[in-house]
There are 2 protein chains.
Amino acid sequence: MAAAPKQATITQVAAHAGVSLATVSRVMNGNTSVDPALAERVKSSAATLGYSANPLARSLVLGRTQTISVVVPDLANPTFQGMLRGLSRAAVADGYHVLISDSDEHEDEERVLALESRRRSDGLILCAPRMSDAALADVLGEVAPVVLVNRAGAAPSVAADYRTPLRAIIDHLYGLGHRRIAYLAGSRHSASNAQRLAALDDARTQLAACEIVEIPAGVDFAAGAASLSAVLDSGATAVLAFNDLTAMGLLSAATDRGVSVPGQLSIAGFDDIPFARYTSPALTTAAVPTSQLGAHAWAALRSLLQGREPAAELTVVPEVILRGSTAPPAR
Amino acid sequence: MAAAPKQATITQVAAHAGVSLATVSRVMNGNTSVDPALAERVKSSAATLGYSANPLARSLVLGRTQTISVVVPDLANPTFQGMLRGLSRAAVADGYHVLISDSDEHEDEERVLALESRRRSDGLILCAPRMSDAALADVLGEVAPVVLVNRAGAAPSVAADYRTPLRAIIDHLYGLGHRRIAYLAGSRHSASNAQRLAALDDARTQLAACEIVEIPAGVDFAAGAASLSAVLDSGATAVLAFNDLTAMGLLSAATDRGVSVPGQLSIAGFDDIPFARYTSPALTTAAVPTSQLGAHAWAALRSLLQGREPAAELTVVPEVILRGSTAPPAR
DNA sequence: CTGTTAGCGCATTCAA
DNA sequence: TTGAATGCGCTAACAG
């Protein structure tokens, strides 16, 4: 039962059809300079023998595998899941296969996996948020063609724009009348952090009398819940959470403590994870189009594979989703 | 920039070291019957040239690719994400690469992808819940060695046990004093459905005066919310939802309608999705160890690849997680 | 212990 | 238009 199914070879088809290997190869590859009658005979033989060319042998002689490799830090991370799906479907639609590697958030593993999987493929899509800039630059040359995801470097990249939608959320809150807003900071090393801080700075300088106080929190539910006291002490009437999980933690803690949302406190998240619409009240957030991000990554890599230079940096802009967790401040 | 990095070949290493191809091959593969001095010279040459064997050429001559393929219906489905991670990490630990295909829930696509990706790998792990038994049986022979996930067939399989934990949840509710329990039915075609119904039947026959009423619902949040009226009309004091999403929908609707949970109604879900612990009250549910399921799938396939026959069917048992959404019935 | 040779299965020159 | 020969890069017989 464990036996590999035996596949017919081109030699067998040639013998069956009474022609040479070359002719079979020509027919299978749609070369027109073959007598129609002969071609038909070959096709029939191929069909009865259930033949199709061995992709390995083909790869070896053609120098391309019709496969791309993808390295992600954690397959269980929702960010990469959507990305991977968009990527996979787009690549499959173009006749490519996808080799994945989960680096388990381990940096040196990232490097090894990238190099190794790249040799079995025609190009690489690299999600390596942890890797140092130096290490990244070092690897990039050895794995070209390569496309980076959510990270800049000496290679084409696709990334989500965090700055624009965060600023849009701030404008939304400001428009509702909020003048003192708290920002629950998450991971400082996150590639998106600089963008978020930039959006905060923009708002501070461009919006009259708009104060934004930064409160260290974290990236998960517990961090959000734990920050409630600090938020209340800050005097803020609205909160920008680092992500939806943090927002939900805060929302949950607020509800437990009898702080009404959005009556006494408005809360906005980021990411639009599937559950964001089901909290009470539903969460205002920004939807990162991860699937689209993956599709773009493939498009960029495909350009590279075809010898064209894609745009150096391609950006997808998350859409702000206004729900019930934000409203005008009390009184 | 799009140029592929040029890799040294075994011929170049041989020339550089002044030996034959065979010797280089022997050294690279750790064959001990090589003069230590020569071996050292070869290694040094390989190092300076940055050589490592072309995996494609190796695959062709060895007849194995050190790669396995995985076909899933939807990469965005949480069930497969954990599975894929467990699988990927386990396979990588054993020096194997993973080729994935997302069939986009399309049955004929499942077949094609399975066949095609299988030819680029040494074995297949197939998640094909939609495929008919006949179509499955048809494919199975052509893709061996193969391991099925969450589905029985003429091949080794790994699956989650839905019956035992569902029964355990029922016992939990019965133990709390509930005697009339509603079951929110989901997808009838689901492979797990028969198991759930079996658990229900077991309970009905083995627990004295225990009524279980079946209410058609669905598999998502909206379906759960929509079933509230039917649940209340049924006179049940506790509910077994098809999955966590359905449970959360019901919980949300109940809260909105002023029905206290677990005071007036106990609710249990299934799956333990990441957010289940963060609802108010937190959800009693059963945690399907998807990552472990993936690791088991790899272990079974590895056995097959090594010529051993693994257990025909390997089962992981979800652990029941008791949280705040279940309690003794009112009064 | 080392080198020579023959494929793995295929695409593609070059002749015919 | 077709067939014979060459090689993609490597491993594994087979000699020496």
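Side-chain atoms are counted along with the backbone in the values below, which use heavy atoms only and exclude waters and symmetry mates. We name chains A, B, ... by the order of the sequence lines, and we start the count at 1 in each one.
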Proximity to the side chain of [X] - top-ranked nucleotide from [options]:
| X | options | result |
| --- | --- | --- |
| B:Leu62 | C:dT12, D:dA12, D:dG3 | D:dA12 |
| A:Arg58 | C:dT2, C:dC10, D:dT11 | C:dC10 |
| B:Ala22 | D:dT2, C:dG9, C:dT4 | C:dT4 |
| B:Arg26 | D:dA13, D:dC8, D:dT11 | D:dA13 |
| B:Ile10 | C:dG3, C:dC10, D:dG9 | D:dG9 |
| B:Leu21 | D:dC10, D:dT1, C:dG3 | D:dC10 |
| A:Val61 | D:dC10, C:dG3, C:dC10 | C:dC10 |
| A:Thr23 | D:dT2, D:dC8, D:dC10 | D:dT2 |
| B:Ser25 | C:dC10, C:dG3, D:dT11 | D:dT11 |

Any donor-acceptor pair under 3.5 Å linking the side-chain atoms of [Y] with those of [X]?
| X | Y | answer |
| --- | --- | --- |
| B:Asn77 | A:Arg85 | no |
| B:Asp102 | A:Ser88 | no |
| A:Ser121 | A:Ser69 | yes |
| A:Ser52 | B:Arg119 | yes |

[atom1] of [X] versus [atom2] of [N]: gap in Å, rounded?
| X | N | atom1 | atom2 | answer |
| --- | --- | --- | --- | --- |
| B:Met28 | D:dT11 | CE | P | 9 Å |
| B:Asn31 | D:dA12 | CG | P | 9 Å |
| B:Lys6 | D:dC8 | NZ | C1' | 19 Å |
| B:Leu60 | C:dC8 | CG | C1' | 4 Å |
| A:Gln12 | C:dC10 | CD | C1' | 14 Å |
| A:Arg64 | C:dA11 | CZ | C1' | 11 Å |
| A:Arg120 | D:dC10 | CZ | P | 13 Å |

Select from A:Asn29 and B:Asp35 the residue whose nearest nucleotide in DNA chain C is closer to the 5' end of that strand.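 It is B:Asp35, whose closest nucleotide lies nearer the 5' terminus.
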
Within the 4.0 Å heavy-atom criterion, would you say A:Val19 contacts the bases, only the backbone, or no part of the nucleic acid?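 It contacts sugar-phosphate atoms only.
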
May I ask you to say what B:Leu56 touches in the nucleic acid, namely base, sugar-phosphate or nothing, with a heavy-atom cut-off under 4.0 Å?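 The residue B:Leu56 makes no contact with any strand.
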
Taking NZ, NE, NH1 and NH2 as the nitrogens, is one of them in A:Arg111 or A:Glu142 under 4.0 Å from a carboxylate oxygen of the other?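 Result for this pair is yes, salt bridge flagged.
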
